[in-house]
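Lettering of chains follows the sequences in order, A, B, ..., and the numbering in each one begins at 1. No hydrogens, no waters, no symmetry mates; every other heavy atom, side chains included, goes into these values.
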Amino acid sequence: MPEGHTLHKLARDLSDLFGGQVVRVGSPQGRFADSAALLDGTTLVGADAIGKHLFVEFEAGRFVHVHLGLIGKFDVYVVPPGPPVGQVRLRIATDRGHADLRGAPTCELVTREQIDEIQASAGPDPLRAEQDPGRAWAKIHRSGRAIGSLLMDQHVLSGVGNVYRAELLYRHKLHPLRPGNTLRRSQWVAMWADLVELMTDGVRTGRIDTVRPEHTPEAMGRPPRVDDHGGEVYVYRRSGMDCLVCGSRVRTAVLEGRNLFWCPRCQRPFRSRAVR
DNA sequence: TCAAGATGATCAG
DNA sequence: TGATCCTCTTGAT
């Protein structure tokens, strides 16, 4: 589930397990073998995330940059390592635990300067302190692009993926195809505050829950359900199912190659009254 | 056993 | 806009 909260939780877990420790670093699959050899037996300083980018810092100013893409996984285990299972690109290990990276399109050694470049081009990240949501607003309110597209653009906003996009738009009663330049600043301020709260919760729990207590199936007198991505949501991957609030069929479409989900009644075009 | 699909991003045309 | 990369799971055959 590689949205921003996943990477921030990973950074925290890696720092907790390996921070300040001399670690063994390897690449069982072999594609990161040369770089891993440089890091093997050195001290892992800590890890940090910027949006969907993860940076693991080692001594001597060496950083591993990981991007999980659509299918990558970085699993952290608090048990000593056993034989690698599957295509493990990168393994970090001590006698206390290990972490295995699989499927990531990006796993590379980078310098501090390269990290600064990535950070400079990234939009504000709701999960980092002292971020300026006004930088995102400056792009949104000048753009005729769909808000559903702008929210996913990592140069506009860092860390939001398909699930948070669908759910944030639902919670703010915004149709995903509504142009960014038709939004009011007050709407964006509320959306940013909501993102900070939802994503912070996601880091804590490791899942995406967006349904307000008054809208849970239990509160609405409906049978409980389980979403297969491990979280309680309003519309994401619920196409053809009934909206939890109004009962309309949730719709789906493809926007810029990605699946879009919305409720046609709760999220009418050019209306913005909040669900709350 | 095989193909499709998945919570991303980049590049060529 | 479509192709490509990366891996694993699920469902169809």
Side-chain angles (χ1 to χ4, degrees), chain A residues 1-11 27-33 35-36 49-55 64-77 84-91 99-108 110 114-115 117-123 125-127 145-146 148-171 176 195 198-203 205-211 226-240 250 252-262:
Chain A
M1 301 173 229
E3 299 205 20
H5 71 300
T6 305
L7 282 302
H8 281 266
K9 184 174 190 304
L10 258 174
S27 179
Q29 178 210 46
R31 291 186 50 183
F32 191 64
S35 299
I50 299 170
K52 297 172 187 170
H53 299 270
L54 175 72
F55 302 98
V64 176
H65 172 213
V66 171
H67 196 294
L68 295 177
L70 189 60
I71 59 174
K73 277 188 178 174
F74 207 166
D75 295 314
V76 180
Y77 308 91
V85 176
Q87 298 287 310
V88 177
R89 173 89 50 84
L90 165 67
R91 167 173 280 187
D100 285 346
L101 174 69
R102 298 180 182 85
T106 303
C107 175
E108 59 184 2
V110 295
Q114 288 172 294
I115 295 174
E117 286 174 19
I118 291 169
Q119 183 158 27
S121 70
D125 179 347
L127 290 172
R145 288 168 62 200
S149 174
L150 290 163
L151 290 176
M152 293 272 282
D153 184 337
Q154 302 299 299
H155 299 295
V156 174
L157 192 61
S158 285
V160 171
N162 210 358
V163 186
Y164 281 120
R165 164 178 74 170
E167 296 301 302
L168 184 74
L169 291 173
Y170 181 88
R171 286 167 64 96
L195 269 180
L198 287 174
M199 294 179 75
T200 300
D201 199 47
V203 175
T205 63
R207 44 185 270 173
I208 299 178
D209 289 293
T210 60
V211 176
V226 177
D227 288 312
D228 60 6
H229 60 278
E232 196 75 39
V233 296
Y234 283 107
V235 290
Y236 175 72
R237 272 206 219 167
R238 288 179 53 79
S239 53
V250 173
T252 185
V254 174
L255 173 65
E256 296 179 3
R258 306 300 304 281
N259 296 323
L260 200 57
F261 305 89
W262 77 98

Enquirer: I need the CG-C1' distance between A:L70 and C:dT7, as an integer number of Å.
Expert: 10 Å

Enquirer: May I ask you to decide whether A:D100 forms a salt bridge with A:R89, counting only side-chain N to carboxylate O separations under 4.0 Å?
Expert: no

Enquirer: Would you say A:K73 reaches C:dT7's phosphate, i.e. side-chain N/O to OP1/OP2 under 4.0 Å?
Expert: no

Enquirer: Within the 4.5 Å heavy-atom criterion, are A:L101 and A:V88 side-chain neighbours or not?
Expert: no

Enquirer: Using a 4.0 Å heavy-atom cut-off across all strands, classify A:G161 as base, sugar-phosphate, or nothing.
Expert: sugar-phosphate

Enquirer: Closest heavy-atom contact between A:L68 and A:P2?
Expert: CB-CB, 3.7 Å

Enquirer: Could you tell me how far B:dA9 sits from C:dT9 if I compare only their P atoms? Round to whole Å.
Expert: 22 Å

Enquirer: Can you measure A:H65 atom NE2 to B:dT10 atom P for me and round it to whole angstrom units?
Expert: 9 Å

Enquirer: Which one, C:dC8, B:dA9, B:dA6, comes nearest to the side chain of A:Y236?
Expert: B:dA6

Enquirer: What is the distance from CZ of A:R89 to P of C:dC5, rounded to the nearest Å?
Expert: 13 Å

Enquirer: Look at the side-chain N and O atoms of A:Q29 and state whether any lies under 4.0 Å from the OP1 or OP2 oxygen of C:dT7.
Expert: yes

Enquirer: Using atom CD1 of A:I71 as one end and atom P of B:dA4 as the other, report the distance to the nearest whole Å.
Expert: 16 Å

Enquirer: What nucleotide, of B:dA6, C:dC6, C:dT7, holds the atom closest to the side chain of A:Q87?
Expert: C:dT7

Enquirer: Considering every strand shown, what is the Watson-Crick or G-U wobble mate of C:dT7 when both distances are under 3.5 Å?
Expert: B:dA6

Enquirer: Are A:R238 and A:V233 close enough that some pair of their side-chain heavy atoms sits under 4.5 Å apart?
Expert: yes

Enquirer: Determine the Euclidean distance between corresponding P atoms of B:dT1 and C:dC6; express it in Å to zero decimal places.
Expert: 24 Å

Enquirer: What orientation do A:F261 and A:Y236 show, parallel under 30°, tilted 30 to 60°, or perpendicular over 60°?
Expert: perpendicular

Enquirer: Specify the separation, in whole Å, of atom CG of A:N162 and atom C1' of B:dA9.
Expert: 14 Å

Enquirer: Between atom CG in A:L90 and atom C1' in C:dT7, what is the gap in whole Å?
Expert: 15 Å

Enquirer: Reckon A:E256 touches a base, only the sugar-phosphate, or nothing at all at heavy-atom distances under 4.0 Å?
Expert: nothing

Enquirer: A:F74 has an atom CZ; how far is it from atom P of C:dC6, in whole Å?
Expert: 18 Å

Enquirer: Sticking with atom P, work out how far C:dT13 lies from B:dG5, rounded to a whole angstrom.
Expert: 13 Å

Enquirer: Rounded to whole angstrom units, what separation is found between the CZ atom of A:R31 and the C1' atom of C:dC5?
Expert: 8 Å

